[in-house]
Structures are given as C-alpha cells and as structure tokens.
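Here's the structure we're looking at; comments come further down.
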Amino acid sequence: MSQRTQAVANSEEEPNMPSLRSYLSRMKNLALSSNANSSQRKTALVMGNPSADLDSFISAVVTSYLYNLRRNARQSGSRTYIPVLNLPAIRSSDLWRLRPEYGVAVRLALGEPADAVSQGEAGSQGKTSVLDELVTIADLKENEESSLQRFFLDSGDSESRSEEGKQHLFLVDHNSPSIPGLSAEVISSRFTVTGCIDHHVDENYISKDAKPRIITTGIGSCTSLVVKHLRDQGMWPSPVQEETQPLVEISRLALAPILIDTSNLKARGDKCSDIDREVVKFLESIIKSQSAEVTKSSTSSPSAWDGGAFHASISTAKSNSLDLLSMPEIFDRDYKVWTEKTSSGSEINIGISSLVRPLSWLIKHAGGIDEFLASISDFANDLERKLGVFCLLTRTGEGRKEVVVLSFDEAVKDLTAKFEDRGTELQLKRWAEDRALMDRLTQKFEEKGERTGEWKIWFMGDTSKSRKQVGPLLREVVRDL
Ligand SMILES: [Mn+2]
C-alpha cells in the first residue's frame, strides 16, 4: 500500500470535526490516492470557477467540510466531498506566491492575529504550509497514482461514459462547468453536475434535479449562499464544547471572501445584500463566543475580535498580490474565458483578466509601453488561448475602474463600438485621464496594428459593476456580430 493510500485508511479513525489543517491534509491524501473512487467509496468534487479567487476556494472548502460532516454522522453510503481548485496549470506548492490572499485568509482562520500576519517581509504574508495541503487540478494531472487523474488529462478518453462512470461535480461560484484545457464536450462526457451553489447569472446548464440547485444573483459572495444553505438544511453544527475550535476556524475562513467581496460590508448595490450581512453577523457571533471562552479561561489579555483588521489584512495581501508576478502570471491570476459563435459562425475565444492595479501600474511593471503591449499580444495570441477578444478590468487607487477591450480577429470587427453602445448600464466614459499616456498608447497600438487589432479604453462610470456584468455583455455582443 502506498503512503497516500495508507494515510487514507488511517484517516477513517480521525475525529468527526477535524481541525482545518488536518481536514485539508486528509482530503489531499484521499484525492491523490488510488482509491479516491472505488466500489466502496464514491466521491463528489467540489469545484469553484477557473479564476480561483478567494470566494471560489473558500466556498469549495466550506461546502465540502460540512457535507462530509453530515456524511460521517450518517456513516456509510453517501459520497465524500473533495474540494479541488480549478487551476490546471498551478500546483498547490505555488499558491503562496500566486494567491497570497489564500495564505493570509488561512493564517487568520487558524487564529493568528491580523497584525502579526500583516508584518514580515513583503510578499511573504501568504506563506503557510497549510496551502500545500490544498489540491489543484494541476496536482491531480501530474499524479499518476490518483484515480482522479484521468478525468483531467487533456488527451485520452473522450468517449461518452455511462452516467455511473461519470465523476460527480458540485459546482460553487459558477453554474456551467468550465475547466481550462478541456472542451465542453469532454467535460460533459466525463462529469455530471449533481449540485450547485452560485451567485452568477443562471446559464441553464444545471439540471433541475441537482441537489442543491441554488443560483441566486445579487449576492456579494457565493460563500454567503453556501453558509445560508448549510444553516437552512440544519447542516451547520451547533458547537459542542470540545469541538468549538474547528468550527471557529471554518467560520473565520468563511468570513474572508464575504468581507473581501462586499468591501467589509460597505459595498453598494448587488455587491452587498442582506444575506451577506446576516451571514457575517452569524459567523462573527461564533467567533466572538469563542473569544469570550478564551477570555474566561486564560489569564493573558483577551484578543478581541477585530473584523476591520481581519478584512484589511486580506485586502492588503490581495492588492499587493501582483507585485511578485510576471506579466503572463498577472493576466492569468484572475482570468476567465468563454467561447462564443458569431452570427456568421466564427468561433471566438473571449478572455477577461481582472486586475487589482491600474493601467499605469501595469505599464510600469511590464517595463514600458512596448513591453506592456507585447505582453498583451503574447498572452492573447498564445496557442493555448488564441483569443479573438481580450478584456482587462483594472482598479485605480482612487476606487475607479478601467475597462480595456481589444479584438484580434476580423470576425469581431466593430466589437469595441458595439460594446460601447450596449454598455449603457456600465456607464462607460472614454478614458482620457492621462492624455500623454493615451497618445503614446495610440501611437504604439497603431504601429503594431496587425498584432493588436482594435482596442478601446474606458472608465466604468458605475463602479458597482464588475466582470459579472462585463462578461455576459461581451459574450452577447460577440454572438450578435
Ligand atoms: Mn464569487
């Protein structure tokens, strides 16, 4: 028996409510073992969207943790839920650098004080060995022993399986399965989606029989819907004394994406709903009750719960998260792609990168305008991507958002003008903030015309809007071209 398989066998004896660290380690051992799926054991993979942001990561971990807890209570028969990060090219060992906010959220969840987490060498805040216990698609792809590997290999079997042969998927934070490198046909031949919790517009992929099938827009964070669902179903445990600690860890973890996505509950419109506010209140009540316990039983000074410091610590890690990355890593960090057919039948790949820094910062980081444009062109024209449309959504320090749309394909000529016409809800305003930069960009774009194609830059007048609105709009415009 291999080490992983042995570890899986031993883990059967572990307590029902494991600590976050031992839970993730147990899940990793299972995912990488040869008996992740067997006649005795059936699994469902809980997976977020390919941007793999904090919301997708933590929705998957929290959902799986509590579904497995119920499974333990029932003992046998039901599936084991394994959280898998939708990252086909990033191994878990690289997450500390590529997703530093994961590391910060995990350290805070484990109880490290926010000020201690924020200190230390720039770029090292996300370092924690717990991230190595996460499972990415890349980890599965390169692990031959894992019985899950075959579902993610880009070559190999694409023939249709029987329903029983398909791997169960529970989608969080998206509602139409999307795994970079695998076509829609391959995905539907290998996976069956049996559950979904999401806060994006319903793409009508998920069967009406899925359990649960929760697709509700207007909610800041998918994690809020996850926590609400678990409570509604009676799956959120009421803490028993000795098991408080793991529940507090999960509660603190769940709080991270909700506070980030709702800007610490200060966001407006669709970005912060009553459900987000109620869930935060609920999670904080669990965290505070434990702080009170600690205060009663210890003589040292109490560590009062400070939601503001908690939010600031993760938010800073996220804002600084591009510092250590190369340009392709920056574009890839929070990236989504769709394929749409124009009315004349051309298939167009549409990529959108969400970036936490403004254009001026990106140009400087790239080393100048020439290098910046070359990096855009290299990324979009890469053979793996072949983008017909590439969109950058940035954020400036003053809370403004820039929208850059580039088209690289004759078939989508006039895209930028039509996007502008249709984009009334975004309140697009021509980007003319830095006249000199605009002129230099224009000149450079023209010089490189044949490689960069059409492009336009705007400010988004309604800053409550995001990729959730820009993505569907771009897709719609391409379909109608
Ligand atoms: Mn989300």
Side-chain angles (χ1 to χ4, degrees), residues 45-64 83-87 95 99 101-102 104-105 134 136 169-180 193 195-203 205-206 212-230 253-280 283 311 314-315 317-319 321 332-338 352-356 391 393 395 401 463-473 475:
L45 307 182
V46 188
M47 201 183 318
N49 72 55
S51 75
D53 64 1
L54 207 56
D55 195 25
S56 276
F57 154 46
I58 290 173
S59 288
V61 170
V62 172
T63 301
S64 73
V84 173
L85 291 165
N86 197 338
L87 292 168
L95 289 171
R99 295 288 187 283
E101 69 278 19
Y102 278 24
V104 169
L134 296 175
T136 71
L169 271 186
F170 187 126
L171 298 187
V172 289
D173 208 18
H174 63 322
N175 64 73
S176 173
S178 164
I179 298 169
V193 181
C196 177
I197 303 178
D198 183 31
H199 64 147
H200 294 84
V201 174
D202 195 340
E203 301 192 38
Y205 180 98
I206 310 287
R213 190 190 194 284
I214 296 168
I215 300 173
T216 311
T217 55
I219 312 296
S221 168
C222 180
T223 308
S224 296
L225 290 176
V226 167
V227 175
K228 181 179 187 308
H229 165 70
L230 295 165
L253 191 69
L255 207 48
I258 308 176
L259 294 184
I260 286 298
D261 290 348
T262 64
S263 304
N264 204 15
L265 297 183
K266 290 187 188 85
R268 287 155 184 258
D270 272 9
K271 298 214 130 196
C272 185
S273 67
D274 287 343
I275 290 180
D276 297 300
R277 281 183 279 271
E278 275 161 32
V279 168
V280 166
L283 295 171
H311 169 262
I314 304 167
S315 175
K318 213 183 153 198
S319 310
S321 60
D332 213 24
R333 201 191 105 96
D334 190 351
Y335 175 71
K336 280 193 188 169
V337 64
W338 296 273
I352 303 189
S353 291
S354 293
L355 306 149
V356 292
C391 171
L393 299 176
R395 268 185 231 170
K401 293 180 171 181
T463 53
S464 74
K465 298 288 189 283
S466 64
R467 181 167 55 199
K468 276 200 194 67
Q469 290 76 30
V470 175
L473 183 64
R475 294 169 69 187

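When a ligand or atom number is given, it counts from 1 through the structure's own listing order.
In terms of distance to the Mn ion (ligand 1), the nearest N, O or S atom of Asp173 is named OD1. With respect to the Mn ion (ligand 1), His199 has NE2 as its nearest N, O or S atom. Asp55 contributes atom OD2 as its closest N/O/S atom to the Mn ion (ligand 1).
The number of heavy-atom neighbours closer than 6.0 Å to NZ of Lys228, taken from other residues, nucleotides and ligands shown, is 12 or below.
With 3.5 Å as the limit, one finds no donor-acceptor pair spanning the side chains of Arg268 and Ser464.
Salt bridge status for Asp202 with Arg213: present, with a side-chain N to carboxylate O gap under 4.0 Å.
Contact between Asp55 and His199 at its shortest, heavy atoms only, is OD2-NE2, 3.2 Å.
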